[in-house]
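Here is the structure we will look at, set down as structure tokens.
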Amino acid sequence: QVQLVESGGGLVQAGGSLRLSCAASARTFNRYAMGWFRQAPGKEREFVAWLSLSGSNTYYSDFVKGRFTISGENAKNTVYLQMNSLKPEDTAVYYCAASPRPGLVTASRLYDYWGQGTQVTVSS
């Protein structure tokens with residue numbers, strides 16, 4: 001079992017940057033693929049980014065591609081989401097999640113462990 005704790009959310013102006021962190025209670029390298037999701041008020045949770053089990057591959061949703069970067073620091077069992085050029089529509093609660101499944105995983109139902117979420121608010 002893995003416990004995940006997100007941090008780094010906050011209030012930022014449009015065009016600004018934030019870096020979210022997700023600290024895992026156990027080793028994730030080569031055990032879990034990591035994903036970031038977000039949920040805005042009144043909307044369903046949506047996939048944002050994926051980091052493979054090995055940490056070698058990434059995948060992004062179209063609406064963040066080129067602006068967000070997912071990465072991992074194995075020694076700290078931590079995954080990051082660097083968010084640049086933020087837009088008001090990026091406002092949401094951001095969640096990290098872990099999946100033991102190999103290959104690309106974008107469906108939230110295929111992630112077994114979730115953090116509590118961190119609020120990101122982008123003002124116009």
So, do Glu46 and Arg38 sit near enough that their side-chain heavy atoms are less than 4.5 Å apart? yes
Do Met34 and Thr28 make a side-chain contact, defined as non-hydrogen atoms from C-beta onward lying under 4.5 Å apart? yes
Taking the side chain as everything from C-beta on, heavy atoms only, tell me whether Tyr32 gets closer than 4.5 Å to Tyr113. yes
Using side-chain contact (heavy atoms from CB on, under 4.5 Å), reason through Tyr59 and Ile70 one step at a time and then give a plain yes or no. CA-CA 9 Å; Tyr59 182 80; Ile70 187 172; over 6 Å; no
If you look at every heavy atom in Ser123 and Leu11, which pair is closest and at what distance? CB-CD1, 4.3 Å
Does the side chain of Met83 come within less than 4.5 Å of Thr69's, by heavy atoms? no
Enter the distance from Leu51:CG to Ser99:OG here, rounded to the nearest 0.5 Å. 12.0 Å
Could you tell me whether the side chain of Glu6 and the main chain of Cys96 form a donor-acceptor pair under 3.5 Å? yes
With a 4.5 Å cut-off on side-chain heavy atoms, are Phe68 and Leu81 touching? yes
Leu4 and Ala24: which non-hydrogen atoms are nearest, and at how many Å? CD2-CB, 3.7 Å
Could you tell me whether Trp114 and Phe37 have their ring centroids closer than 6.0 angstrom? yes
Residues Ala40 and Thr91: closest non-hydrogen pair is CB-O, 3.7 Å
Could you tell me whether the side chain of Tyr94 reaches within less than 4.5 Å of the side chain of Gln119, counting heavy atoms only? no
Please name the pair of heavy atoms, one in Ser21 and one in Thr78, separated by the smallest distance, quoted to 0.1 Å. CB-CG2, 4.3 Å
Taking all non-hydrogen atoms of both residues, which atom of Leu110 and which atom of Val105 are closest, and how far apart? CB-CG1, 3.5 Å
Mind checking the OG-CD spacing from Ser108 to Glu44? Nearest 0.5 Å is all I need. 8.5 Å
I'd like to check Thr118 versus Val93 (side-chain heavy atoms, cut-off strictly below 4.5 Å). Are they in contact? no
Just wondering, do Pro102 and Leu53 contact through their side chains at under 4.5 Å, heavy atoms? yes
For Glu73, does the CD atom have more than 12 heavy-atom neighbours from other residues, nucleotides or ligands under 6.0 Å away? yes
Side-chain heavy atoms nearer than 4.5 Å, only ILVMFWY residues, links allowed to pass through others: does that put Tyr60 and Val120 together? yes
Does NZ in Lys43 sit with more than 12 non-hydrogen atoms of other residues, nucleotides or ligands closer than 6.0 Å? no
Shared hydrophobic cluster for Trp36 and Val122 (ILVMFWY, side-chain gaps under 4.5 Å): yes
Short N-O contact, Lys87 and Asp90, less than 4.0 angstrom: no
Is there a path of hydrophobic side-chain contacts, each under 4.5 Å between heavy atoms of I/L/V/M/F/W/Y residues, joining Phe63 to Leu104? no
side-chain contact (heavy atoms from CB on, under 4.5 Å) assessment of Tyr111 paired with Trp50: CA-CA 11 Å; Tyr111 284 80; Trp50 167 85; 3.3 Å; yes
Nearest heavy atoms of Tyr95 and Gly115, plus distance in Å: CD2-O, 3.6 Å
Which residue is it: Val64, Leu20, Thr106? I am looking for the one with a side chain to side chain contact (heavy atoms under 4.5 Å, CB included) to Val48. Val64
